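Here the structure is a predicted model, which means the values were calculated and not measured.
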Amino acid sequence: MASWDTLRFRNNFNLDLTGRIGAYFSPRTAVYALGGLAISSVNFRYDCAGFCAVQPATPAFSAETTMMTYGGVIGAGLETQLPTSANTAFYIEYRAYLLQPVTLDVGSIATRSTSQQVDLSHQTVIAGARLRF
């Protein structure tokens with residue numbers, strides 16, 4: 001039975017610090033733009049089993065590394081209050097996270113190693129409700 005190497009990427013967390021500015025285009029509905037800073041953490045794990053058996057063979061190993069990446073976030077949204085309640089609003093928001101790519105190196109030249117470049121830039125759309133007390 002052949003052994004296989006595995007590579008695992010895990011995004012540990014995302015954090016953004018944003019501000020927003022907008023305007024009401026009706027008494028209950030507002031549009032806004034947002035922007036700010038974004039931080040993300042990525043973990044890369046390499047389990048060498050199959051490639052380590054290739055001549056000249058080395059003992060199987062596991063190695064991992066974690067790095068932070070920084071960038072910005074931009075987006076826009078729409079929020080509207082319910083006509084029956086000034087305390088309840090619904091919103092939809094788009095965000096684009098523009099993060100610096102990171103290069104993750106694991107292993108060593110003496111055994112086996114791999115290097116992967118990861119770009120964590122991504123986009124999200126969020127819909128929800130806000131309740132004011």
- request: Tell me, with the steps shown, if L34 and E93 meet side chain to side chain contact (heavy atoms under 4.5 Å, CB included).
  value: CA-CA 9 Å; L34 60 88; E93 186 173 280; 3.5 Å; yes
CA sep, side-chain torsions, deciding dist, call: L98, I74, side chain to side chain contact (heavy atoms under 4.5 Å, CB included): CA-CA 8 Å; L98 310 168; I74 57 173; 4.3 Å; yes
- request: Evaluate side chain to side chain contact (heavy atoms under 4.5 Å, CB included) for V42 paired with V102, printing each intermediate quantity in order.
  value: CA-CA 9 Å; V42 63; V102 293; 3.8 Å; yes
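By the side-chain contact (heavy atoms from CB on, under 4.5 Å) test, L131 pairs with T88, F133, sequence neighbours left out. In this view, F9 and F44 satisfy the ring-ring contact (aromatic ring centres under 6.0 Å, His included) rule, not counting sequence neighbours. Among residues two or more places apart in sequence or in another chain, the side-chain contact (heavy atoms from CB on, under 4.5 Å) test is passed with A30 by Y24. The side chain to side chain donor-acceptor pair (under 3.5 Å) search around T80 returns T29, not counting sequence neighbours. Listed by chain and number, the residues in a side-chain contact (heavy atoms from CB on, under 4.5 Å) with T124 are R95, Y97, H122, I126 (sequence neighbours excluded). In this view, S41 and N12, F13, T66, M68 satisfy the side-chain contact (heavy atoms from CB on, under 4.5 Å) rule, not counting sequence neighbours.
Atom CD of residue Q100 and atom OG1 of residue T69 lie 6.0 Å apart, to the nearest 0.5 angstrom. Within the model, atoms CG of N14 and CG of D16 stand 8.0 Å from one another, a figure rounded to the nearest 0.5 Å.
Other members of the hydrophobic cluster containing L82, listed by chain and number, are F90; membership follows side-chain contacts under 4.5 Å among ILVMFWY residues, whether direct or relayed. Through ILVMFWY side-chain contacts below 4.5 Å, I21 is grouped with nothing and stands alone. In the hydrophobic clustering (ILVMFWY side chains linked at under 4.5 Å, chained through shared members), V125 is joined by F25, V31, L78, I92, Y94.
Screening residues 18-43 for salt bridge (charged side-chain N to carboxylate O under 4.0 Å, His left out), with sequence neighbours left out, gives R20-E79. The list of salt bridge (charged side-chain N to carboxylate O under 4.0 Å, His left out) pairs with a residue in residues 62-76, not counting sequence neighbours, reads R45-E64. Among pairs with a residue in residues 7-51, those fulfilling disulfide (SG to SG under 2.5 Å) read C48-C52, at least two apart in sequence or across chains.
Connection of M67 to I39 is not established within any shared hydrophobic cluster, with ILVMFWY side chains joined at heavy-atom distances below 4.5 Å, either directly or through further cluster members.
For the residue pair N11/S40, the side-chain donor-acceptor check at 3.5 Å is satisfied.
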